[in-house]
Peer 1: 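Before we start, here is the structure in question, set down as structure tokens.
In this chain, numbering begins with 1 at the start of the sequence shown. As the structure is a computational prediction, the values presented were derived from the model and not from experiment.
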Amino acid sequence: MAETLDKDDFEHAMQTAPRGLDIDDPAFKLGTFDGNEAQVLRRNDDPNDRSGVLKVTDNINQIGAIWSNFAADNYFDLDKPQILSMWLYFGRPFGSDELEVGDGMAFVLQNDPREYGAISTYDGKPAVGETLGVWGVDFDNIAHNGKYATKEDIAKTAIQNSWALEFDTFVNKLQMFEQVNGKGVSFDMDRQGQHIGNNYPANPLTYDNRLTNSSVGSSDPKQYFVLNHGDGFQFMKLTNQTWRHMTVKWDPSSKKMSFSLDDKNLDGTAQGTTYYKTVDLHTDNFNFKNADHRVHWGFTGTTGRFTENNLIVFESIPSFINAESHVTIDDLTTNKPVNTDDSVNIGDNLDFNYRLKYTSGSKNWEDILANINLPKQVTFKSGDITYDDGSLTEHISADELKDNNIQHTLKGVLNNNHPNAKITLHTTVNPVKTSTTVAKQHASFKSDNFIIDDDTPRFRITVDDLMISTDPSDTISFPNIDTIPENVLIEGSVWYGTGMLIRPSNITMYSSLNGEQNDPMVLTTQKDFQTATFNLNVPKDKLHVGPNILKLHAVSNVTNNGVTATLQSREVQITINVDGGLRFGNVSKDVSFNPVNLSYDGQIVQRQSGWEVEVIDGRSGESSWTLQAEASKLNKLDTKEALNGEMVYKDTAGELLSLASPTDIYTNKKDTDTSQKVDIVKDWNNKLGIFLKLNGDNSSGSYSGKITWSLIDGIKNM
């Protein structure tokens, strides 16, 4: 292998190369002819990245080829729909002249009997230059015994039984007697600039023969051949040091082949391209001998007296995996799909759906890394992945979102038996100040043997002509009436959805509390030239226990060209919730009884200090409640031996009540609307409260148990 001539460009290409498939043996085989300069390289040294880069040429006078390996089930099946996706790199001019570039590359389908040895040859040797390694060889330009080489002669030197899509970077347009030199210099007489073309290399009709003018002193002109390029493109700039994406699609039902270049950006996002064609593919040119219509596919490339780094990264192998991706957005709030340029509203719940469908292939699509971007204008809540066999469901948590990006490796495997997976991401539309266009967002699904990209549709978040926001914006909660300040402050802003300048005096705020209208408020302050502000105080004495509903909206009169229009904002609803509930206050977690040196039947053991049980009732007057206690058995800490005794409650009448089941120990009825706190233990003494009752001897040690406190709304009927 010769050394890379343009090393700086080669390093740039490898550093910017996109992720691709593993193309080591056995999936592909390098051409088996002498002098093949093609080489498979790793994109980088990362052991987890098996992306391969095919180097076709990197020096002068080179030829290279790589072919799909039938033995590894890698082929192009003309009886089935096929999609190929790859990245191409054509280097740059290396020298003082922009025309000093190599010849380029060709994508080839071939049924040549030589299989992996298929290449353009002359006198049994691979032919470089304008052949690109696939076309016939125009090296014999003079007459022999009055006869020139024929179209059939040149067609026999090409790759046989083939179709080629060429990416020609060096324009061969020489036609003068002195210029036609037996090195193939005239194929591009009908082309302008770097170009794309396609045709059948082994078909004589692919070539036109022409004659030069006779030279002085010579009676015979020279003959040269011009390539019929078919349908393609001219005036291109392929050698621009950029990776170019290409997609090839075959439709067996219509016998049409389509190809597109520059249909995807380097980050994987789709882009519109003018380099798209659909051509008829006449499969009889492959000369099949039986019903097997599989062909080798691959690339050839050449250089002549100038160099070029010709590189390829593959993204899909159709016989391995054919799969599709479909992205949709559903607005769950309006129950409508969100198509391109559709509108959604602030607060709408949007589901981003990514459907993966395995359509055919011989290998599983597994270890799929989903790399999904979400717009910053939505809040991601959670996600789910479901498979068509129903055997597996995965959850994507909100923690997996980093910088508006989710990366998740699917646990499921897609194949012919279980072809479908659906990723659904649940989101909510964030507030925006003005109507906003949300750009399409990219998603990629990558594995070592298949890569596919997709984009969400672009959509708009619409806002009202007059916008309003408040802080707080939803619910304000107070534990009871006593904790409410004299005035509850609501701060807010008003602005025009069009972003035009605002005058606070043109804005009137209307509000109501629990259905009662407040006095209208004309705004007087502003934050900036586009935002007016207001402060609304809700008096404490206007609030009651339970939910209090505050509603606000703004109205503006706008005059434009002498015409006055009235704009009204949406209504904002804020709930001021005053908790009037019944709950525990402070309750001691660890309590104890006095130590006992000698136990006997009927012994009552007093509590130690530290007992605390509080009940808080924030409800209105006439409310009542009952406190119950239930005590478990006490067991020795080390041996779990049960205590010969139990916890009991002694009431005001001196009666001992067992706590083996929930037992009423306190009741209360309010006589005020203010919040009330009751300290249950405050009145306990050596004759009232919970005690430990022993029933006989016990072994020495520490015993523990549990007291369960319960609050019952109301007083038990006697």
Peer 1: Any side-chain donor paired with an acceptor under 3.5 Å for H442 and N373?
Peer 2: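 Per modelled atom types, H442 and N373 side chains form no pair under 3.5 Å.
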Peer 1: For residues A158 and S120, report the shortest heavy-atom separation together with the two atoms involved.
Peer 2: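 For A158 and S120, the tightest heavy-atom pair comes out as CA-OG, 4.4 Å.
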Peer 1: First locate atom CZ of R355, then atom CG of N353, and finally report the distance between them rounded to the nearest 0.5 Å.
Peer 2: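 Result: 5.0 Å between the selected atoms.
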Peer 1: Who are the side chain to side chain contact (heavy atoms under 4.5 Å, CB included) partners of S319, not counting sequence neighbours?
Peer 2: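 Result, side chain to side chain contact (heavy atoms under 4.5 Å, CB included) vs S319: N74, Y75, I317.
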Peer 1: Can you name the closest pair of heavy atoms from A323 and I452 and give their distance?
Peer 2: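 Closest pair (atom of A323, atom of I452, distance): O-CD1, 3.5 Å.
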Peer 1: If I take atom NZ from residue K80 and atom CG from residue D251, how far apart are they, to the nearest 0.5 angstrom?
Peer 2: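 Going from NZ on K80 over to CG on D251, the span is 15.0 Å.
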Peer 1: What is the distance from atom OG1 of T303 to atom CG of N61, rounded to the nearest 0.5 Å?
Peer 2: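 These two atoms lie 6.0 Å from each other.
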Peer 1: State whether K125 and D123 are salt-bridged, where the test is any N-O pair (Lys NZ or Arg NE/NH1/NH2 against Asp/Glu carboxylate O) under 4.0 Å.
Peer 2: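 Between D123 and K125 there is no salt bridge, as every charged N stays at least 4.0 Å from the carboxylate O atoms.
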Peer 1: Does K222 make a cation-pi contact with F177, if we ask for NZ or CZ under 6.0 Å from the ring centre and within 45° of the axis?
Peer 2: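 Geometry flag: set, cation within 6.0 Å and 45°.
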Peer 1: Do the ring planes of F233 and Y275 sit parallel (below 30°), tilted (30 to 60°) or perpendicular (above 60°)?
Peer 2: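 Correct class here is perpendicular.
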Peer 1: Indicate whether the side chain of H12 and that of Q241 have a donor and an acceptor atom separated by less than 3.5 Å.
Peer 2: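 Side-chain D/A pair, H12 to Q241: absent.
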Peer 1: Is the ring pair H229/H195 parallel, tilted or perpendicular, if the boundaries are 30 and 60 degrees?
Peer 2: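 Geometry flag for H195 against H229: perpendicular rings.
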Peer 1: Tell me if the NZ atom of K277 is crowded by more than 12 foreign heavy atoms within 6.0 Å.
Peer 2: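 Atom NZ in K277 is packed in, count exceeds 12.
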Peer 1: Does one side chain, of T273 or D262, offer a donor that lies under 3.5 Å from an acceptor on the other?
Peer 2: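 Short answer, no.
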Peer 1: Only one of F76, F28, W250 forms a ring pair (Phe, Tyr, Trp, His ring centres under 6.0 Å) with W297, so which one is it?
Peer 2: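 Output: one option passes, namely F28.
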Peer 1: Should K255 and D280 count as an ion pair when the cut-off is N to O under 4.0 Å?
Peer 2: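 No salt bridge links K255 with D280.
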Peer 1: Between R19 and S444, is there a side-chain donor-acceptor contact under 3.5 Å, judged purely by atom types and distance?
Peer 2: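 Judged by distance alone, the side chains do not pair up.
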Peer 1: Measure the CD1-CD1 distance between I372 and I423 for me, rounded to the nearest 0.5 Å.
Peer 2: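 Atom-to-atom, I372:CD1 and I423:CD1 are 4.5 Å apart.
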Peer 1: Answer with yes or no whether the side chains of N161 and Y200 bring together a donor and an acceptor at under 3.5 Å.
Peer 2: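 No, because no side-chain N or O of Y200 sits under 3.5 Å from a partner of the opposite role on N161.
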Peer 1: Side-chain donor-acceptor pair under 3.5 Å between N309 and D6, yes or no?
Peer 2: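 Side-chain D/A pair, N309 to D6: absent.
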Peer 1: Nearest 0.5 Å, what's the CG-CZ distance between N59 and F10?
Peer 2: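 Between atom CG of N59 and atom CZ of F10 there are 12.0 Å.
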Peer 1: Atom CE in M189, atom CG in L227: separation rounded to 0.5 Å?
Peer 2: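 Answer for the CE-CG pair, M189 versus L227, is 13.0 Å.
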Peer 1: Do N310 and E308 meet the criterion of a side-chain donor-acceptor pair at a distance under 3.5 Å?
Peer 2: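 Yes, E308 and N310 have a side-chain donor paired with an acceptor closer than 3.5 Å.
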Peer 1: With no hydrogens and no angle check, do the side chains of T359 and N322 hold a donor and an acceptor under 3.5 Å apart?
Peer 2: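 There is no such pair (donor and acceptor under 3.5 Å, judged by atom type) between the side chains of T359 and N322.
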Peer 1: Under 3.5 Å, is there a donor-acceptor pair between the N199 and N228 side chains?
Peer 2: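 Not at all, the side chains of N199 and N228 share no donor-acceptor pair under 3.5 Å.
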Peer 1: Could you tell me which residues satisfy side chain to side chain contact (heavy atoms under 4.5 Å, CB included) with R50, sequence neighbours excluded, listed by chain and number?
Peer 2: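 Testing R50 for side chain to side chain contact (heavy atoms under 4.5 Å, CB included), a comparison that skips the adjacent residues, returns D22, R42, D448.
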Peer 1: For F450, run the ring pair (Phe, Tyr, Trp, His ring centres under 6.0 Å) check against F314, Y358, W365 and tell me which one passes.
Peer 2: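 Testing F450 for a ring pair (Phe, Tyr, Trp, His ring centres under 6.0 Å) against F314, Y358, W365 leaves exactly one candidate, W365.
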Peer 1: Would you sort out whether M86 and F299 count as a side chain to side chain contact (heavy atoms under 4.5 Å, CB included), showing the intermediate values?
Peer 2: CA-CA 11 Å; M86 64 207 73; F299 272 86; 3.2 Å; yes
Peer 1: Would you name the heavy atoms of V295 and S68 that are closest together and state the gap between them?
Peer 2: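 It is O-OG, 4.3 Å.
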Peer 1: Between D9 and Y89, is there a side-chain donor-acceptor contact under 3.5 Å, judged purely by atom types and distance?
Peer 2: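 There is such a pair between these side chains.
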Peer 1: Are there more than 12 heavy atoms of other residues, nucleotides or ligands under 6.0 Å from atom CG of N145?
Peer 2: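 For N145, atom CG is not crowded (no more than 12 foreign heavy atoms under 6.0 Å).
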Peer 1: For H293 and T283, does a side-chain donor sit closer than 3.5 Å to a side-chain acceptor?
Peer 2: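 There is no such pair between these side chains.
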Peer 1: Any side-chain donor paired with an acceptor under 3.5 Å for E315 and W87?
Peer 2: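 Per modelled atom types, E315 and W87 side chains form a pair under 3.5 Å.
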Peer 1: Please check if atom CG in D34 has more than 12 non-hydrogen atoms from other residues, nucleotides or ligands closer than 6.0 Å.
Peer 2: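 Atom CG in D34 is not crowded, with 12 or fewer foreign heavy atoms closer than 6.0 Å.
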Peer 1: Is it the case that N141 and D138 place a side-chain donor and acceptor less than 3.5 Å from each other?
Peer 2: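 Yes, D138 and N141 have a side-chain donor paired with an acceptor closer than 3.5 Å.
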Peer 1: Less than 3.5 Å apart, any donor N or O on the side chain of T437 or R460 sitting next to an acceptor on the other?
Peer 2: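 Looking only at side-chain atoms, R460 and T437 do form a donor-acceptor pair, the distance falling under 3.5 Å.
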Peer 1: Any donor-acceptor pair under 3.5 Å linking the side-chain atoms of N198 with those of D231?
Peer 2: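 No, N198 and D231 have no side-chain donor paired with an acceptor closer than 3.5 Å.
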Peer 1: Run the salt-bridge test on E130 and K173 with the 4.0 Å N-O cut-off and return the result as yes or no.
Peer 2: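 Looking at K173 together with E130, the answer is no, because their closest N to O distance does not fall below 4.0 Å.
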